[in-house]
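Worth saying up front: this structure is predicted, and the values here are computed from it rather than measured. In the text below, chain A, chain B and the rest are named by the order of the sequence lines, each starting its count at 1. No hydrogens, no waters, no symmetry mates; every other heavy atom, side chains included, goes into these values.
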Amino acid sequence: MIGGLFIYNHKGEVLISRVYRDDIGRNAVDAFRVNVIHARQQVRSPVTNIARTSFFHIKRSNIWLAAVTKQNVNAAMVFEFLYKMCDVMTAYFGKISEENIKNNFVLIYELLDEILDFGYPQNSETGALKTFITQQGIKGQPQTKEEQSQITSQVTGQIGWRREGIKYRRNELFLDVLESVNLLMSPQGQVLSAHVSGRVVMKSYLSGMPECKFGMNDKIVIDKQGKGGTTDDPGKSGKQSIAIDDCTFHQCVRLSKFDSERSISFIPPDGEYELMRYRTTKDIILPFRVIPLVREVGRTKLEVKVVIKSNFKPSLLAQKIEVRIPTPLNTSGVQVICMKGKAKYKASENAIVWKIKRMAGMKESQISAEIELLPTNDKKKWARPPISMNFEVPFAPSGLKVRYLKVFESKLNYSDHDVIKWVRYIGRSGIYETRC
Amino acid sequence: MPAVSKGDGMRGLAVFISDIRNCKSKEAEIKRINKELANIRSKFKGDKALDGYSKKKYVCKLLFIFLLGHDIDFGHMEAVNLLSSNKYTEKQIGYLFISVLVNSNSELIRLINNAIKNDLSSRNPTFMCLALHCIANVGSREMAEAFAGEIPRILVAGDTMDSVKQSAALCLLRLYKTSPDLVLMGEWTSRVVHLLNDQHMGVVTAAISLITCLSQKNPDEFKTCVSLAVSRLSRIVSSASTDLQDYTYYFVPAPWLSCKLLRLLQCYPPPEDGAVKGRLVECLETILNKAQEPPKSKKVQHSNAKNAILFEAISLIIHYDSEPNLLVRACNQLGQFLQHRETNLRYLALESMCTLASSEFSHEAVKTHIETVINALKTERDVSVRQRAADLLYAMCDRSNAKQIVAEMLSYLETADYSIREEMVLKVAILAEKYAVDYSWYVDTILNLIRIAGDYVSEEVWYRVIQIVINRDDVQGYAAKTVFEALQAPACHENMVKVGGYILGEFGNLIAGDPRSSPLVQFNLLHSKFHLCSVPTRALLLSAYIKFINLFPETKSTIQEVLRSDSQIRNSDVELQQRAVEYLKLSSIASTDVLATVLEEMPPFPERESSILAKLKKKKGPGAVSVNELEEGKREGGELNGGGERGGDSSAIASTPSPSADLLGLRAGPPVTAAAPSAGSLLVDVFSEAGVNDDGFLRFVCKNNGVLFENQLLQIGIKSEYRQNLGRMYLFYGNKTSVQFVTFTTTVTCPGELQSHILHIHTWNSLEPLIEGGAQVQQVINIECLTDFSDAPLLNIKFRYGGALQNLTLKLPVTINKFFQPTEMASHDFFQRWKQLSLPQQEAQKIFKANHAMDTEVLKAKLLGLGMALLENVDPNPENFVCAGVIQTKAQQVGSLLRLEPNAQAQMYRLTVRSSKDTVSKRLCELLAEQF
């Protein structure tokens with residue numbers, strides 16, 4: 001089990017140090033700093049073993065979080081815990097930065113006391129935590145005595161993520177499908193690898209203890225229904241259902257029901273949470289196509305032309321488009337011409353960055369650049385790193401559709417129709433690269 | 001050197017560096033550097049000419065980026081351009097960039113060399129110096145090729161500035177070190193040597209480094225430098241501290257130069273010229289005198305400089321090793337330092353004394369400081385100083401103070417630092433062995449060593465104890481007793497158990513007489529340690545147990561019980577299991593004589609270099625003094641190791657039992673040998689007396705194979721077989737040296753009547769007259785017994801070894817009993833025959849004291865070896881042995897009966913032999929009386 005937990009800033013100074021077990025001494029703090037943070041090598045293994053002590057670390061911007069143990073623990077569990085801890089901290093005070101950690105150190109120690117007990121992870125559900133770890137700055141309704149007395153039974157009960165007696169005047173529900181699409185394409189336009197990793201994030205403001213049921217166009221469910229007799233035409237739009245490679249759920253989802261009927265039913269926590277995560281690799285809609293053209297003119301000149309094509313419904317608008325064209329290390333000057341957006345040579349990143357605010361579907365745009373090179377002594381050839389791209393589109397590149405989200409509350413008097421539901425799809429780029 | 005003026009400071013560079021310093025993260029730093037590199041690239045693009053200042057600034061930035069660990073692949077051209085600038089700062093930065101960044105195979109090297117050549121030929125001394133520094137810093141082969149011819153010319157040219165000469169000398173030294181084949185001094189040699197006479201001390205100091213290096217390679221060419229160096233040294237030493245002005249350092253005149261001069265002199269033997277030598281001795285004396293003067297300053301730099309010269313002078317004195325007076329003075333001086341406040345001085349004094357101790361002149365003087373050194377060992381706070389003290393004690397040890405030093409080292413060992421314990425243990429072991437006069441002291445010391453620092457006692461140390469105990473009969477009993485006592489401690493180290501197991505297994509019988517250490521007590525003591533030991537030790541103990549069975553038959557059942565137990569016979573370790581199974585079977589199946597031969601006492605170990613000495617040499621600890629010195633000591637210690645040179649004990653030719661091999665030699669293939677301990681130590685030089693050596697003869701009465709004779713040169717082994725009245729004997733002559741024996745001849749003679757009719761001997765194949773070093777030749781002798789006989793044939797061997805004629809006469813072990821045919825008979829038959837042979841002349845009787853332990857099994861084995869049949873259940877007293885046999889000669893058959901009555905209380909035997917021929921009875925009785 002976890003023996004201790006340390007948080008360092010980018011210099012390796014300790015911001016938070018919490019030791020849970022006697023086998024971890026103070027010198028472990030220094031050992032990690034010396035051997036990992038100040039290590040010479042660029043790439044560091046997330047797990048380091050120093051003097052029979054294992055250090056598991058993750059990095060959030062400039063902050064290092066390290067869990068320490070002397071035992072043979074489940075590494076996946078430790079990392080899951082570290083990520084969860086980041087989520088909890090973000091939920092409490094926003095971005096994880098040195099400043100925020102210093103300002104909230106009392107809170108962090110309090111949280112650490114709660115979510116780890118003698119090194120064993122405990123309830124780390126933000127919603128539940130917020131009921132009893134309240135600091136100034138955390139908005140929350142002042143609790144009555146009665147409510148306070150219920151905290152223990154609620155937190156330790158069967159449904160630890162939701163307390164009883166929640167009441168809203170308006171029953172509202174927000175559902176976001178967030179996807180990031182990853183691509184590696186050859187210069188000739190051949191897809192080398194592509195996958196989408198998506199999340200379904202919900203914000204629920206519902207009274208009482210509602211029972212929800214979530215439905216999407218999962219291929220297995222659709223096919224089953226198709227066989228069941230309802231004559232839904234599967235070939236109507238060509239892409240009725242999607243094949244999900246793997247998925248994980250929030251703890252509130254009844255897994256037994258998913259296993260048997262493949263239906264997602266749950267009692268939602270109050271507030272914001274991530275209902276599920278999934279990954280697909282088949283039939284991905286690639287929102288953009290990048291066509292590079294690089295020509296070397298002699299030893300001192302390089303001509304680059306890049307065309308991007310948007311590949312979705314013309315009625316939709318893509319946003320925050322950014323194309324990054326790497327330049328050779330001996331670039332001495334760059335001239336850029338682009339038809340749309342703005343392009344600039346960023347010497348500090350060795351790349352030309354082309355930004356377009358928004359772009360409709362089925363359009364095409366082009367940039368051309370002339371790069372001057374300085375002759376060097378080395379005969380090393382330029383490695384030609386891939387052209388990468390960032391964007392945001394208002395649909396799910398995986399093709400996922402929310403079919404329904406039903407809410408049942410038997411005790412209180414509101415029905416599915418009374419709940420206001422909002423659904424939003426956002427597709428972002430992950431690592432979206434084209435070789436040139 | 002022109003100072004960098006304020007206006008020359010590069011603001012852009014300063015800003016860039018401070019930007020980098022302020023970066024919060026690695027990523028930010030990389031971004032900043034990328035930006036700067038892009039900026040520099042755009043500046044260097046070449047469309048507009050840059051002025052010298054900006055070029056210098058950007059080259060500086062590149063250099064800084066490079067030193068931060070980033071690759072730089074441009075800007076070299078700009079740096080080379082800077083070289084041709086006329087401004088010092090620009091040229092300097094250009095050279096700096098090139099010495100740091102340009103690798104030797106760059107294509108720019110031609111341009112660079114050109115620029116350097118220009119600078120070298122310029123008359124500007126600063127530019128020349130810059131160029132020389134660059135050559136030295138790059139120091140590549142290409143540089144050497146281009147400039148090795150040029151630099152000596154600059155060095156010796158009359159019009160070269162002193163500062164340039166200095167740089168040139170050091171630059172040449174650097175080139176010489178990287179590519180000595182390219183730097184040919186030849187014609188310059190004498191002029192370089194004469195730089196020692198230069199007016200400028202700086203030039204002399206630089207030149208002397210060069211000369212020292214060159215003269216180490218070819219001392220003859222630079223021989224002339226000795227007298228120059230001596231005169232220079234004497235001028236410095238005798239000068240007043242104010243004479244040398246700039247080169248006086250805290251009142252010491254030119255300390256660096258003096259040290260270098262003294263070091264140069266250490267490359268040569270003492271000067272032959274009397275005048276030069278006298279002058280040098282005078283200098284050294286002055287230096288020693290100055291050490292006695294009160295310090296002119298309290299500053300530490302003053303004493304450091306003074307002592308540096310002093311220590312260098314002492315090393316020179318040690319190097320010469322020919323001036324007893326100086327050596328003793330040096331030693332006394334060091335003796336003062338031994339109690340100095342400064343730890344460093346104490347350390348250096350101890351270190352120098354170590355080398356002094358090895359000189360014959362100063363050894364005694366060093367010894368006078370023994371108390372101080374011992375005190376240092378005990379009280380010094382710095383471990384490295386203690387280590388030096390231990391080294392010095394080791395170096396100063398000789399026969400007179402060995403006991404004291406070993407005792408001190410042993411007592412120090414109890415508190416010694418862990419880092420030096422192992423080395424200390426080795427040293428104690430070596431000293432104890434080297435200077436052992438009394439072997440019981442040696443055994444005590446080593447056992448103490450194991451007791452105090454068992455963990456640090458390496459295998460070699462305890463192997464050595466065992467080798468020595470085996471090779472020396474006189475300590476065996478004492479060793480057994482001491483080991484037995486040491487093992488009684490409740491907790492003893494595993495090494496102690498190993499030594500104990502081995503020694504008790506071999507010599508436990510020597511202390512078995514005492515009821516307190518009776519066989520069973522010994523066994524129980526060893527077995528009580530068994531379960532705490534590691535596998536190899538257990539294996540050794542199992543071998544010791546089987547040896548016990550042989551030594552003390554009364555323990556047989558107990559030991560068999562142990563061997564039979566599941567923990568042994570089903571041990572998971574294959575080696576232990578195999579030993580248990582094999583030993584159990586061996587003890588139950590093998591007849592007593594087989595057991596006795598198999599479990600014979602170990603033969604003495606052959607002489608070889610002490611394994612611990614080898615280990616110490618391998619460790620090459622700084623305290624290993626000089627190897628020569630150790631070897632000298634080794635020769636001195638020959639007395640101890642001489643144990644192996646005695647010819648008395650026999651050792652098989654091929655069996656050089658390595659200590660790590662099966663300790664009891666069970667798997668040794670070579671002929672099993674008897675180990676009747678010889679009465680006394682045989683003279684090593686057997687050859688000087690031409691007398692007949694019959695020591696080996698008696699041992700062959702009861703056996704047919706073994707080593708008849710052995711000394712440093714020659715080993716003679718015998719294998720023989722007899723059938724009826726015929727016999728065949730194989731003689732093996734082994735040359736133990738690496739030199740061949742020439743005119744090697746052997747003759748077998750039968751003295752007196754033996755020749756004529758008693759024994760007929762025929763040498764089957766004649767020998768080659770040559771035996772190569774390390775080779776072995778074989779000779780076969782056929783023997784026929786005509787009638788009974790009592791004398792033995794003589795073997796005479798003559799050969800030349802290294803020019804000297806060697807002559808050796810041995811008795812061939814052919815005795816009447818070899819022709820016995822065993823006769824089995826029942827009890828009443830035996831007594832009937834016994835009564836028939838009742839004539840007084842037919843009986844021969846002898847009562848004698850036991851020479852060896854009265855072990856039934858051994859006795860049985862010996863009687864069987866005699867060739868007669870051993871009759872069981874014949875004598876009413878089961879203690880007694882009776883045998884019967886017929887001697888086959890060509891002429892007749894002689895029936896013989898034998899009865900041996902041991903008396904355990906009195907340790908006496910009564911032997912009665914009756915045979916049909918009176919001479920036979922008498923002869924048999926004589927022969928056998930020596931055997932028990």
Side-chain angles (χ1 to χ4, degrees), chain A residues 8-13 15 36-44 59-64 96-99 298-302 324-336 344-353 369-383 385, chain B residues 16 19-48 50 54-55 58-59 61-62 65-81 97-98 100-112:
Chain A
Y8 302 83
N9 67 3
H10 72 282
K11 288 184 203 150
E13 290 163 350
L15 305 176
V36 182
I37 300 183
H38 293 166
R40 294 211 155 268
Q41 67 269 29
Q42 297 281 321
V43 183
R44 296 171 176 88
K59 216 180 158 195
R60 278 281 179 275
S61 64
N62 274 335
I63 299 296
W64 300 76
I96 297 176
S97 66
E98 187 177 347
E99 179 103 351
R299 270 189 72 194
T300 59
K301 208 168 168 191
L302 201 68
R324 182 176 287 266
I325 305 159
T327 56
L329 292 173
N330 54 346
T331 305
S332 60
V334 176
Q335 270 95 49
V336 207
K344 205 179 160 192
Y345 168 56
K346 284 204 171 168
S348 61
E349 288 152 47
N350 282 324
I352 297 167
V353 180
E370 246 177 52
I371 301 171
E372 281 173 78
L373 304 175
L374 197 72
T376 61
N377 307 356
D378 293 351
K379 301 285 181 292
K380 262 189 283 173
K381 224 174 169 271
W382 179 42
Chain B
F16 173 61
D19 276 1
I20 294 277
R21 297 250 157 95
N22 289 334
C23 281
K24 279 251 161 83
S25 64
K26 187 108 193 154
E27 291 72 32
E29 184 184 310
I30 289 171
K31 277 190 175 172
R32 181 68 185 89
I33 286 171
N34 279 338
K35 198 175 150 200
E36 193 60 45
L37 283 176
N39 177 35
I40 299 173
R41 279 197 299 259
S42 67
K43 297 285 192 221
F44 281 176
K45 213 166 17 177
D47 11 355
K48 42 191 186 290
L50 283 173
S54 358
K55 226 183 257 178
Y58 293 128
V59 167
K61 282 183 181 175
L62 284 180
I65 292 170
F66 177 76
L67 293 178
L68 280 178
H70 300 266
D71 276 340
I72 296 295
D73 49 8
F74 64 99
H76 300 74
M77 201 56 216
E78 282 71 18
V80 174
N81 287 344
F97 186 90
I98 283 167
V100 173
L101 257 140
V102 173
N103 43 4
S104 50
N105 51 10
S106 160
E107 54 196 16
L108 290 171
I109 208 84
R110 233 160 26 87
L111 286 172
I112 295 168

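- Shown here for A:A347 and B:A38, the closest heavy-atom pair between the two residues is CB-CB, 3.2 Å.
- More than 12 heavy atoms of other residues, nucleotides or ligands shown are found within 6.0 angstrom of NZ on A:K59.
- To the nearest 0.5 Å, atoms CD (B:E27) and OG (A:S348) are separated by 12.5 Å.
- Among the candidates A:T327, A:N62, A:T300, A:L329, the residue making the largest number of heavy-atom pairs closer than 4.5 Å to chain B is A:L329.
- The contact between B:K26 and chain A is made entirely by side chain atoms (from C-beta outward), counting heavy-atom distances below 4.5 Å.
- Closest non-hydrogen pair, A:H10 versus B:K24, comes out as CD2-O, 2.5 Å.
- Nearest heavy atom pair, residue B:F44 against residue A:L374, reads O-CD1, 3.7 Å.
- Residues B:R41 and A:N330 are in side-chain contact: their nearest non-hydrogen atoms beyond the backbone lie under 4.5 Å apart.
- Taking NZ from B:K31 and NZ from A:K346, the interatomic distance works out to 7.5 Å, rounded to the nearest 0.5 Å.
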